[in-house]
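Every number for a ligand or one of its atoms is a count from 1 in the order of the listing. Numbers here simply count residues along the sequence, with the first being 1. Source: prediction; values computed, not measured.
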Amino acid sequence: MKVLKFGGTSIGTPERMRAVAELVTREPEVVVVVLSALSKTTDKLLKIGAALQSQNVDSALAHIDELYSHYQQYVNALYTTEQGRKQGWKAVERHFDLIRGVPRKVFDNREERVLVAQGELMSTAMFHHYLQEQGVPSALLPALEFVRLDDNGEPDLNFLRVNLTRLMQEHPPPVLFITQGYICRNAWGEIDNLKRGGSDYTASLVGAALRCEEIQIWTDIDGMHNNDPRYVKDTYPIRELSFDEAAELAYFGAKILHPSSVQPAKQFNIPVRLLNTMEPLAPGTLIADKTSGSEIKAVAAKDGIVAIKIKSTRMFLAYGFLRRVFEVFERYKTPIDMITTSEVAVSLTIDNPEHLEDITRELREFGMVEVDHDQTIICVVGDFVADRPGMALRVFEALKAIPIRMISYGGSRHNISILIHISLKAEVLKVLNDGLFKTHP
Ligand code: ASP
Ligand code: MG
């Protein structure tokens with residue numbers, strides 16, 4: 001069994017959706033297809049939500065009308081028969097009734113989550129009806145019945161496994177299974193989601209729950225690249241990555257994969273392949289339990305980082321200091337990304353400044369607090385085995401003219417993280433590229 005996930009651009013036009021249908025029906029194995037919403041739909045639904053939240057009903061209605069005509073055109077072009085078009089449109093229109101009907105006076109976060117869920121519900125319904133029209137037996141499995149979050153907001157894999165298997169058993173083979181990425185229910189049974197880009201995570205959870213043979217994430221580029229193609233020319237896809245390397249890259253800015261999606265695959269040792277719908281035969285990137293190839297594999301950057309330095313004479317020779325610092329972040333549910341310490345100070349970074357004011361207020365009780373905004377983490381990923389000398393040197397050689405705010409090395413054998421001001425990002429990505437990869441064939 002394989003799980004194949006297609007992102008929004010892979011089904012962004014009727015032609016592309018038809019190409020996806022061809023691709024998945026060619027698979028000899030049992031396939032579960034996980035779909036995102038059509039490209040730009042989630043953004044549009046969020047815009048509608050934001051307009052309603054600010055009581056701007058006219059603007060919301062204008063966005064709804066635009067989306068509506070986009071789907072009308074899409075449906076008209078997708079299906080090949082009048083009957084198919086009718087069925088497909090019927091399935092889509094239900095969701096527009098719901099979108100138009102969301103309560104406007106009491107529009108809150110809960111309504112917004114219902115609203116954004118319509119994107120994946122529509123794309124999967126359209127795809128299912130298209131396969132039906134083409135005479136391909138398919139079953140549409142409602143993700144809202146098996147993807148559920150627990151009290152901690154974490155997906156419940158056991159629940160998923162039990163309920164998904166039960167639903168699948170209701171459909172005798174051969175049948176192609178389709179389900180929605182991204183959407184789920186929370187611990188209170190409300191409609192919720194796995195955060196932006198979460199369809200990858202759904203695919204990985206489904207793959208892990210079914211202990212499938214392979215998870216494929218289909219996008220519109222040819223795999224994870226060794227550097228950010230928006231800033232650096234001559235980047236190339238990395239053929240093989242270990243789970244840990246892929247997790248670091250996804251977390252530190254490689255947009256191609258949702259960072260949480262590596263963990264479930266790693267837990268059950270299921271290979272993840274990143275593939276390109278525009279070039280289905282290209283090898284893409286294989287993420288698996290082993291690594292191979294060159295020692296330094298890739299560079300990624302994550303913006304929007306805030307650095308916080310706490311300087312305290314009380315830290316000198318004291319124990320328990322770091323614990324108290326960490327507890328502040330824990331109280332505000334704010335994860336820490338990087339950390340470096342000296343005898344009298346500790347510097348750390350966060351990427352979610354929502355509670356920054358409260359956090360710094362509490363930290364000031366321990367000493368002097370300095371906050372730097374607009375920071376970027378540059379993450380160099382590879383197999384930095386401690387007994388392989390010279391690896392760190394190559395990185396710092398490349399960076400010799402760059403002012404660095406923080407360095408983190410040795411936390412794992414997979415990365416060196418460097419904190420810089422965002423204004424230096426393009427330059428840093430470039431000098432690292434020249435210094436680390438220019439020898440690549
Ligand atoms: N449609 C959602 C988004 O745009 C989920 C996804 O595409 O993975 O974030
Ligand atoms: Mg995505």
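For ligand 1 and Ser199, the ligand atoms under 4.0 Å from any heavy atom of the residue are 5 (C), 6 (C), 7 (O), 8 (O). For ligand 1, the atoms closer than 4.0 angstrom to any heavy atom of Thr42 are 1 (N), 2 (C), 3 (C), 4 (O). Less than 4.0 angstrom separates some heavy atom of Ser36 from each of these atoms of ligand 1: 6 (C), 7 (O), 8 (O).
Using a 4.0 angstrom heavy-atom cutoff, Gly198 counts as in contact with ligand 1. Look at Gly197 and you'll find a heavy atom under 4.0 Å from some atom of ligand 1.
By the side-chain contact (heavy atoms from CB on, under 4.5 Å) test, Glu66 pairs with Lys44, sequence neighbours left out.
The shortest N or O to N or O distance between Arg196 and ligand 1 is under 3.5 Å. For ligand 1, the polar-atom distance check against Lys195 finds no nitrogen or oxygen pair separated by under 3.5 Å.
Atom 1 (N) of ligand 1 has its closest protein heavy atom at Glu120 OE2, 2.6 Å.
Annotation: cation-pi geometry satisfied between Lys302 and Tyr251 (NZ/CZ under 6.0 angstrom from ring centroid, within 45° of ring axis). For the pair Arg185 and Phe159, the cation does not sit on the ring face, since its NZ or CZ is not both under 6.0 Å from the ring centre and inside 45° of the axis.
Remark: the Ser417 side chain and the Ser408 side chain contain no N/O donor-acceptor pair separated by less than 3.5 Å. Counting only N and O atoms by type, the side chains of Ser138 and Gln132 include a donor and acceptor under 3.5 Å apart.
Gln180 pairs in a side-chain contact (heavy atoms from CB on, under 4.5 Å) with only one of the listed residues (Leu140, Val34, Leu35), which is Leu140.
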